[in-house]
Amino acid sequence: MRLIFLLILLSVLSCGNSSSGGSHSSIEKQQEEQITPSGDKTYLATLRPLNNTVSGFIPSGQTEVRYIGQIIQVKTQLEDDASVVHIQNLHNGSACPTMSDDTNGDGYIDEVEMLESTQDILFPMDSNLSSLTEGNFLRGGPFIYSNSVKYSVLMNELQKDSLNLEGRVVVVHGVYASANLPSTVATTNGRAINLSLPMACGVLHLSP
Amino acid sequence: MLKTLWISFFFIANLAMAEVISGRIVDVESSLLKLDTGRVVFLKGDTFKAELEAARGATVELNVGSTNSLESVFKINQVAAENFTPSLVIAEKPAFEPTVISQAAAKVMFNRLNPKFKRISECSDRAHVWSYDEFKNNGIKTQKVFTFFTASYITRNRFKWWFHVAPLVSVAESDGSVGQRVLDYRYTDRPVPIKTWTDLLVYSKRACKMTDKFSEYDVNPQTEDCYMMIDSMYYHSPEELADMENQIYRSGFNDFEVSGIRGRAFRKGNL
């Protein structure tokens, strides 16, 4: 399976090269070489349940971020039973929220309360990792997500020279529409509250 | 003009909501089917009930709908699932003393548990490998804590499991007493007290009734939400706990069995 993935990746890579016509200037090449990850490595986050009392299912999953040469590959595998759009983002913070973040005491850690621990979004883990603008997210109960982006492209978009993923936080959102959430559950961007409610969270750590 | 060379590869596998699950039939109750994997499936009336009762002990493949109700039976394999012959079964309950470690050591232990479990893996398999590894690599004897959910709790909450299990480590409390912490790496981010662990699973936050007889749960009184059993790290499944009432006890790990369980529950490489 991994071999198939790498072959497809190489084929996309070669397409990308040919689309550029092989006419990169030496300046562009130098710029790319300056922004490179420091060796292949893998970060792993175990996604653990948040707000799991909204259904009879306890969601969980894993996110893996790999630096492979010039490529950053992001994968998530999630177990859930709510067939909704699952928004997933990587955040700047270093911890997942706990019930102590439920500042309004309604029994739920909503998107606004969550940000106290997770801080702002670093980038959405969506259909287009090369843009910080939200693309499409996965719909489904259990899902497998895989996407990749060139390191220099992401750094350019983030306006950073390097990216240390150790301790960064992955949050997945989205519970049943029938979850009967109270009006005290807040959202940051006008989404339906069931889609914005955090349902799983994990902290990335370097994998041995 | 191409500002930078970029490559994006995107692949989504959105798994269908109609789920195919498999397992060995442990019990068929009035509206519930229990599998050895811990999963429950809701039965729609008496449809398939006689067929499933006749297949008790056999492995089945089931098509389950989005409400966790049985839609159809794909396959019944009348040959019971392979049972490893435990090499360390004895007829007299052996003494077992869990190792007592510091709370700091429990956190270190938690963080070295193998995190590379498969997306679809059973709690009993994960718990067994984690306990085995700690014993073999660090000489720490843990216990297992099993929680059994009653039919009334399962039905009321449309809960998807009838039992859950995790390793349990004994810790020295600051007041000099010996406490216990659950090591459930998949669902918690640190060692937690038993009540914190069950609160994650039992939405009513009611404490689970402690018992040392599986049959007390199995007769399934509707007055409780859940039952709990604690025993040595050598017990892998509820059926092994039930065996104790027939004077069949576990007193060690079966390396061959653990090897098979590890292959089922853990991956060697990346996602």
Side-chain angles (χ1 to χ4, degrees), chain A residues 2 5 8-9 12-13 15-17 19-21 23-24 28 31-32 42 44 46 48-49 52-53 55-58 60-64 66 70-71 73 75-79 81 83 96 127-130 136 138-150 152-153 156 202-203 205 207, chain B residues 1-19 39-40 42 64-68 111-121 123 126 149 153-161 164 184-190 196 199-205 267 269-271:
Chain A
R2 192 166 31 182
F5 172 79
I8 295 170
L9 190 61
V12 174
L13 178 60
C15 291
N17 278 333
S19 69
S20 70
S23 59
H24 284 327
E28 283 176 327
Q31 285 175 338
E32 283 178 10
T42 301
L44 182 66
T46 299
R48 299 183 171 107
N52 65 290
T53 55
S55 80
F57 195 88
I58 302 173
S60 67
Q62 293 185 323
T63 292
E64 184 182 88
R66 296 181 70 194
Q70 300 295 314
I71 302 294
Q73 181 190 76
K75 289 184 178 182
T76 295
Q77 294 189 350
L78 188 85
E79 280 294 279
D81 71 340
S83 183
C96 288
S127 56
N128 186 5
L129 287 178
S130 63
N136 296 317
L138 296 180
R139 181 183 180 86
F143 71 72
I144 298 171
Y145 163 89
S146 180
N147 200 357
S148 55
V149 63
K150 190 161 187 192
S152 58
V153 171
N156 187 54
V203 179
H205 293 296
S207 184
Chain B
M1 180 176 172
L2 189 63
K3 189 176 177 181
T4 55
L5 175 65
W6 64 271
I7 302 150
S8 178
F9 175 76
F10 184 71
F11 169 72
I12 293 174
N14 180 4
L15 306 180
M17 280 311 294
E19 189 184 2
R39 278 293 299 267
V40 293
F42 296 105
V64 177
S66 58
T67 57
N68 200 32
N111 288 323
R112 69 178 172 234
L113 296 178
N114 186 349
K116 294 187 174 182
F117 45 84
K118 293 179 180 175
R119 182 175 65 89
I120 297 175
S121 58
C123 57
R126 294 191 300 272
F149 307 103
Y153 178 77
I154 291 168
T155 305
R156 198 169 357 113
N157 294 285
R158 301 299 286 181
F159 208 65
K160 287 199 168 179
W161 293 274
H164 187 51
D184 195 351
Y185 193 91
R186 182 160 185 160
Y187 295 117
T188 67
D189 64 356
R190 59 181 69 98
T196 304
D199 281 353
L200 181 72
L201 309 164
V202 183
Y203 304 156
S204 62
K205 313 292 186 200
R267 55 194 162 80
N270 296 305
L271 280 182

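Note that this is a predicted model, so its numbers are computed, not measured. Residue numbering restarts at 1 for every chain, and letters A, B, ... go by the order of the sequence lines.
For A:I58, the parts lying near chain B are the backbone and the side chain together; criterion is any non-hydrogen pair under 4.5 Å. Heavy atoms of A:S207 lying under 4.5 Å from chain B belong exclusively to its side chain. Of the atoms belonging to B:I154, not a single heavy atom falls under 4.5 Å from chain A. Interface remark: A:T53 contributes backbone and side-chain atoms alike to the contact with chain B (heavy atom separation under 4.5 Å).
Note that CD of A:Q62 is 11.0 Å distant from CZ of B:R119, once rounded to the nearest 0.5 Å.
In terms of heavy-atom proximity, B:T188 sits nearest to A:R48 at O-NE, 2.7 Å. Closest heavy-atom contact between A:P49 and B:Y187: CD-O, 3.6 Å. B:L271 approaches A:K75 most closely through the heavy-atom pair O-NZ, 2.8 Å.
The environment of B:R190 atom CZ is sparse: at most 12 non-hydrogen atoms of other residues, nucleotides or ligands sit within 6.0 angstrom.
Within the 4.5 Å cutoff, the side chain of B:N270 has heavy atoms near those of the A:T42 side chain.
When each of B:Y203, B:F159, B:F117 is checked for heavy-atom pairs under 4.5 Å with chain A, B:Y203 comes out on top. Counting heavy-atom pairs closer than 4.5 Å to chain A, the top-ranked of the candidates B:L201, B:D189, B:N157 is B:D189.
When atom types are taken as modelled, the side chain of B:R158 and the backbone of A:F57 share no donor-acceptor pair closer than 3.5 angstrom.
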